[in-house]
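See structure below.
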Amino acid sequence: MEMGSVDDRNLVHSAARAFQRHFGQSSIVCGYAPGRVEILGNHTDYNGGAVLAAAIDRHVVVVGRRRTDRQVRVVSATLDGQASFDLDEITPTATAEWSHYVQGVFGVLQSAGCELGGAELAIDSSVPAGAGVSSSAALTSAIAMAIQQLYPFELSRLDLARLLRRAEHEYAGVHCGLLDPFTVLHGADGQFVLLDCADDSHVLAPLPQPAPAVVLCQSGVERRLGADAPYNLRRGECEQALAACNEHLGEAFPALCAVPLASFREIAERIQDTPRKRAAHVLEEHARVFAARDALRRAELGQLGTLLFESHVSSQTQFENSCPELDRLLRIGQQHAGLIGGRLCGAGWGGCMLFVVQADQVEDFCAHMQKVAHVAEGALHVCQVCDGASGRHLS
Ligand code: GLA
């Protein structure tokens with residue numbers, strides 16, 4: 001199984017070496033951003049709902065230095081290749097290629113009034129790509145942290161998260177919510193982040209001690225991103241569901257999660273099958289996040305686990321964003337006595353399973369998944385809940 005922190009200590013060095021090799025001089029700043037795991041609150045963020053998430057110790061590192069012109073040159077040790085662009089010729093492109101995310105960060109920061117200049121950057125990463133742990137928000141946040149070291153700007157972390165969400169919408173064509181950049185920027189060691197997208201406020205929820213282990217298990221099925229992905233389709237279905245709720249309730253709720261669950265249930269049978277199922281999932285997820293917060297306060301891990309299992313069943317039956325590979329991993333995980341809870345993590349349709357496991361059982365659990373589910377060692381990630389993104393000068 002993959003343990004994050006050991007590898008991550010070397011990431012800055014390997015990015016700095018790639019920089020030296022490619023640009024022939026030393027990098028002087030570093031941006032560092034974690035991946036994130038969605039604990040509960042599936043597809044609630046863009047519906048104005050609550051989500052429980054955590055930053056995890058898999059990181060994207062970006063090292064760099066200024067250029068004196070308006071050119072940006074980027075090389076990636078892991079993402080294969082290099083890119084360059086002119087700061088005065090950045091145009092939104094809406095295809096999910098890594099270099100567009102980089103352009104997107106420069107683009108949205110400039111549009112927010114930040115005065116930027118040229119840069120040379122090198123990227124390295126230990127965040128598994130396509131696994132549903134937001135390698136894209138880790139990338140955009142690490143780029144932003146590196147830029148901030150080179151060209152200091154004043155933006156709150158919330159404003160920065162909103163800008164990075166915009167970068168993803170406009171430059172990658174993925175109409176994601178705030179969850180990913182927000183968690184990557186607000187993560188805290190040993191604590192879950194409870195984000196309420198009704199007003200984008202958040203609180204931290206400490207993990208009960210001894211903290212359970214967070215294990216990610218890659219399904220091997222890559223999620224499709226980009227403009228035509230099912231993700232954007234679901235957003236449309238949720239909008240239809242909101243319109244139907246407002247019509248039948250005679251209200252003007254601004255977002256689906258503002259509809260009280262009890263009111264929705266009163267009129268649910270008058271809504272068409274597909275939007276009704278999507279709304280049921282989203283509203284029940286929203287309620288489960290607060291139930292999970294309460295369970296954590298009472299240190300009732302069993303209750304947290306039940307909520308995770310319920311969430312996965314709802315994904316299977318109501319939101320229809322699971323897939324046979326994820327379901328199979330969950331069934332096999334449930335055979336192990338150390339499992340507290342599990343569900344698909346993030347958008348769905350592939351990516352990874354999240355398992356919350358009793359800390360003293362984690363090695364045995366991973367061995368079970370390897371033996372019974374034939375999961376490759378490198379597809380299992382035992383994660384620590386860690387701090388959010390940061391930047392610094394390299395000495
Ligand atoms: C993806 C998106 C998030 C969120 C989740 C589903 O990870 O980027 O904004 O919508 O899916 O909860």
Side-chain angles (χ1 to χ4, degrees), residues 33-56 58 96 101 104 127-141 161-187 192-198 200 202 216 218-219 221-227 229-239 255-257 278-279 281-289 292 307-308 311-312 314-315 318-323 326 343-354:
R36 69 96 189 89
V37 62
E38 176 192 285
I39 305 290
L40 255 184
N42 190 237
H43 290 261
T44 48
D45 60 350
Y46 59 82
N47 286 301
V51 51
L52 192 66
I56 52 167
R58 300 295 188 280
Y101 287 96
V127 182
V133 292
S134 201
S135 53
S136 56
L139 173 62
T140 56
S141 301
R162 287 175 171 151
L163 283 173
L164 297 181
R165 174 181 56 183
R166 221 182 87 206
E168 192 135 358
H169 288 191
E170 293 176 7
Y171 292 82
V174 183
H175 292 271
C176 57
L178 195 61
L179 164 67
D180 302 350
F182 191 93
T183 310
V184 168
L185 290 168
H186 292 81
F192 289 156
V193 178
L194 196 164
L195 165 66
D196 190 345
C197 295
D200 296 344
H202 81 289
L216 296 172
Q218 283 179 256
S219 67
V221 181
E222 285 231 357
R223 293 173 314 135
R224 275 192 297 131
L225 285 171
Y231 185 89
N232 292 350
L233 179 73
R234 286 293 181 279
R235 280 197 79 136
E237 292 167 351
C238 290
E239 278 161 25
L256 192 51
C257 289
R278 308 308 184 229
H281 174 76
V282 168
L283 289 175
E284 288 162 15
E285 279 291 285
H286 180 60
R288 272 191 281 274
V289 169
L307 294 164
L308 297 185
S311 169
H312 191 84
S314 177
S315 274
Q318 303 197 108
F319 210 71
E320 297 175 280
N321 61 333
S322 188
C323 64
L326 291 169
R343 58 177 288 269
L344 65 81
C345 173
W349 300 285
C352 68
M353 284 297 296
L354 156 74

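All of these numbers come straight from a predicted model, not from anything done at the bench. If you read the sequence from its start, that first residue is 1, and numbering goes on from there. All ligand and atom numbering here is 1-based and tracks the order in the structure.
- Between N42 and H281 the shortest side-chain heavy-atom distance falls below 4.5 Å.
- In the vicinity of Y46, heavy-atom distances shorter than 4.0 Å reach the ligand 1 atoms 10 (O).
- Counting the atoms of ligand 1 from 1 in the order shown, those under 4.0 Å from a heavy atom of H43 are 6 (C), 12 (O).
- The shortest N or O to N or O distance between R36 and ligand 1 is under 3.5 Å.
- With values rounded to the nearest 0.5 angstrom, D180 atom CG is found 11.0 Å from L164 atom CG.
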Salt bridge (Lys or Arg N to Asp or Glu O under 4.0 Å) between E168 and R165, worked out: CA-CA 5 Å; E168 192 135 358; R165 174 181 56 183; over 6 Å; no

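- Polar contact with ligand 1: present for G177 (N/O pair, distance under 3.5 Å).
- Separation of atoms CG (D45) and CG (D200) is listed at 9.5 Å; rounding is to 0.5 Å.
- Atoms of ligand 1 found under 4.0 Å from any heavy atom of E38 (numbered from 1 in listed order, with element): 5 (C), 6 (C), 12 (O).
- The aromatic rings of H175 and H169 lie tilted to each other, with the angle between the two planes from 30° to 60°.
- Taking every heavy atom of Y231 and a limit of under 4.0 angstrom, the matching atoms of ligand 1 come to 1 (C), 2 (C), 3 (C), 4 (C), 9 (O), 10 (O), 11 (O).
- The residue E168 has no part lying near ligand 1, judged by heavy-atom distances below 4.0 Å.
- With values rounded to the nearest 0.5 angstrom, H312 atom NE2 is found 8.5 Å from N321 atom CG.
- The line from CZ of R278 to CZ of R234 is 4.0 Å long, rounded to the nearest 0.5 Å.
- Rounding to the nearest 0.5 Å gives a distance of 9.0 Å between CG of L308 and CE of M353.
- Distances between N or O atoms of D180 and those of ligand 1 include at least one value under 3.5 Å.
- Of all the atoms in ligand 1, the ones that sit under 4.0 Å from a non-hydrogen atom of D45 are 3 (C), 4 (C), 9 (O), 10 (O).
- Close contacts of ligand 1 with G346, meaning ligand atoms under 4.0 Å from a residue heavy atom, involve 6 (C), 11 (O).
- Ligand 1 has a nitrogen or oxygen under 3.5 angstrom from a nitrogen or oxygen of A347.
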